[in-house]
Protein chains: 2
Amino acid sequence: MRITAQRLEILKYLIGNPIHPTAEEIYRDVKGEQPNISRATVYNTVNMLVRLGEIRELGCTSGCRRFEPDLTPHDHALCVKCGRLFDIESEGEKDTRVMVMGKPFEVKYTDITYHGLCQTCAGSDDN
Amino acid sequence: MRITAQRLEILKYLIGNPIHPTAEEIYRDVKGEQPNISRATVYNTVNMLVRLGEIRELGCTSGCRRFEPDLTPHDHALCVKCGRLFDIESEGEKDTRVMVMGKPFEVKYTDITYHGLCQTCAGSDDN
DNA sequence: GTATATGCAAAGGCTTTGCAGTGAG
DNA sequence: CTCACTGCAAAGCCTTTGCATATAC
């Protein structure tokens with residue numbers, strides 16, 4: 001496992017990035033620093049980071065993958081209109097012992113996503 | 001909006017189906033009853049059902065779409081090893097007022113998914 | 001009878017793969 | 001020097017679209 005300029009740029013881009021970028025967004029934005037970078041490298045890198053547990057892949061209904069570099073416990077709010085995905089603080093405790101068909105399920109992490117309208121979209125008139 | 005044999009079969013297949021089928025699974029299984037059905041019809045139908053609010057599309061990290069016909073409040077448990085997605089009963093109340101960057105977010109529904117290992121996979125030896 | 005739905009095939013995204021060339025250790 | 005990584009292009013999924021035919025109402 002080598003540290004290369006491309007991998008460093010992708011990591012730098014992900015760390016502290018609150019927008020949960022898609023692979024395409026990573027590609028587009030990292031291209032500014034690494035003009036010759038290819039999509040294959042982006043995909044190789046994010047797949048590796050997911051496998052290593054350094055970032056998480058988010059469930060997504062928009063046909064592309066979104067990545068979450070912030071592994072501290074927090075929830076998400078997805079605006080169903082504009083598609084933006086916001087980080088929000090967790091409230092309360094999360095169950096770590098849940099039952100599936102009467103048998104214990106070993107929870108690794110809990111994903112809570114609120115689907116709805118953000119302030120901007122709720123205020124617009126074409127709902 | 002017409003009731004056609006194809007749409008009826010797709011609905012019959014979805015209703016009471018606990019496996020959260022993908023579009024491809026719907027296509028494959030409904031083909032038994034409607035051998036000439038096309039993928040286009042399956043996609044047209046599920047997209048229409050989602051638009052009408054009769055079924056829900058689930059966030060999914062596996063590159064294909066999964067559909068949820070059961071709109072009663074419940075949570076999910078996703079086995080990260082075998083990929084099966086189980087329905088589980090909701091426990092406790094869900095927040096309906098959350099804040100995004102200090103502003104209220106209008107929650108339509110809350111998606112809680114526990115990621116982890118099901119009993120079967122937790123018990124197998126190749127973890 | 002007419003507008004809508006179907007089925008087929010082609011096209012369009014997103015992602016992965018194969019492979020030769022490159023570069024880090 | 002060697003093996004892993006890169007970049008390109010091609011191929012692979014999944015999904016959507018265009019269009020002629022079929023069919024529900």
Side-chain angles (χ1 to χ4, degrees), chain A residues 1-14 17 19-52 54-69 78 80 82-85, chain B residues 1-14 19-52 54-69 78 80 83-85:
Chain A
M1 246 220 59
R2 292 173 181 170
I3 308 290
T4 64
Q6 290 88 337
R7 290 182 175 172
L8 268 181
E9 279 306 326
I10 292 172
L11 263 175
K12 266 172 52 186
Y13 178 70
L14 285 172
N17 183 329
I19 70 162
H20 312 92
T22 66
E24 189 63 26
E25 287 166 345
I26 298 170
Y27 173 67
R28 177 168 38 83
D29 292 344
V30 168
K31 221 172 163 55
E33 299 296 325
Q34 292 281 328
N36 291 324
I37 200 169
S38 67
R39 285 186 176 79
T41 299
V42 173
Y43 281 104
N44 282 342
T45 303
V46 292
N47 285 342
M48 190 192 65
L49 291 172
V50 169
R51 213 177 311 118
L52 292 175
E54 298 297 320
I55 63 177
R56 200 128 65 202
E57 183 174 352
L58 296 175
C60 195
T61 60
S62 54
C64 58
R65 302 161 70 191
R66 284 181 172 277
F67 299 96
E68 168 65 91
L78 174 67
V80 297
C82 67
R84 282 185 295 176
L85 185 65
Chain B
M1 245 221 60
R2 293 174 181 171
I3 309 291
T4 65
Q6 291 87 339
R7 289 181 176 173
L8 269 180
E9 280 305 326
I10 292 172
L11 263 175
K12 267 171 52 187
Y13 178 71
L14 284 173
I19 71 161
H20 311 92
T22 65
E24 189 63 28
E25 286 166 345
I26 297 171
Y27 173 67
R28 177 169 37 84
D29 294 344
V30 168
K31 222 172 163 54
E33 300 295 325
Q34 291 282 328
N36 292 324
I37 201 169
S38 68
R39 273 176 243 271
T41 299
V42 172
Y43 281 104
N44 282 343
T45 303
V46 293
N47 286 342
M48 191 193 62
L49 292 172
V50 169
R51 212 177 311 118
L52 293 174
E54 299 297 320
I55 63 177
R56 199 127 66 202
E57 182 174 353
L58 296 175
C60 194
T61 59
S62 54
C64 57
R65 301 162 70 192
R66 284 180 172 277
F67 299 96
E68 168 65 89
L78 173 68
V80 296
R84 283 184 294 177
L85 185 64

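Each chain gets a letter, A, B and so on, in the order its sequence line appears, and its residues count up from 1.
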Q.
Quick check against the 3.5 Å criterion: does A:Glu33 have a side-chain atom that pairs as donor or acceptor with the backbone of A:Val30?
A. no
Q) Between B:Arg2 and B:Arg39, who's closer to the 5' end of DNA chain D by nearest nucleotide? A) B:Arg39
Q) Got a donor-acceptor contact below 3.5 angstrom from the A:Arg66 side chain to the A:Leu58 backbone? A) no
Q) Between D:dG7, C:dG7, D:dT6, which nucleotide gets closest to the side-chain atoms of A:Arg7? A) D:dT6
Q: To the nearest Å, give me how far apart CG (B:Asn44) and C1' (D:dC19) are.
A: 13 Å
Q: Please state how far atom CD1 in A:Ile37 lies from atom C1' in C:dT22, giving the value in whole angstrom units.
A: 15 Å
(Q) If we ignore hydrogens and angles and just use 3.5 Å, is the side chain of B:Arg39 paired with the main-chain N or O of B:Tyr27 as donor and acceptor? (A) no
Q) How close or far is atom C1' of D:dC14 from atom OH of B:Tyr27, stated in whole angstroms? A) 13 Å
Q) Under 4.0 Å between a side-chain N or O of A:Arg65 and OP1 or OP2 of D:dC14? A) no
Q) Over how many whole Å does the gap from A:Phe67 atom CZ to C:dC14 atom C1' extend? A) 11 Å
Q. At under 4.0 Å, does any side-chain N or O of A:Thr4 touch on OP1 or OP2 of D:dT6?
A. yes
Q) Which whole-number value in Å describes the distance from A:Glu25 CD to C:dC14 P? A) 10 Å
Q. From the list D:dC14, C:dT6, D:dT6, which nucleotide is the closest neighbour of the side chain of B:Tyr43?
A. D:dC14
Q.
Minimum heavy-atom separation for B:Leu78 and B:Gly83, please, with both atom names.
A. CD1-O, 3.7 Å
Q: Let me know the distance between CD of A:Gln6 and P of D:dC8, rounded to the nearest Å.
A: 11 Å
Q) What is the distance from CE of A:Met48 to P of C:dT15, rounded to the nearest Å? A) 17 Å
Q: Quickly work out the A:Ile26 CD1 to C:dT15 C1' distance and round it to whole Å.
A: 13 Å
(Q) Main chain of B:Arg2, side chain of B:Arg7: is a donor-acceptor contact present, judged purely on distance under 3.5 Å? (A) yes
Q: Determine: side-chain N/O of A:Asn47 to OP1/OP2 of C:dT16, distance under 4.0 Å, yes or no.
A: yes
Q) Taking the side chain of A:Ala40 as its heavy atoms from C-beta onward, which of D:dT6, D:dA9, C:dT15 lies nearest to it? A) D:dA9
(Q) Taking only side-chain N and O atoms of A:Arg28, does any of them lie within less than 4.0 angstrom of OP1 or OP2 on C:dC14? (A) no
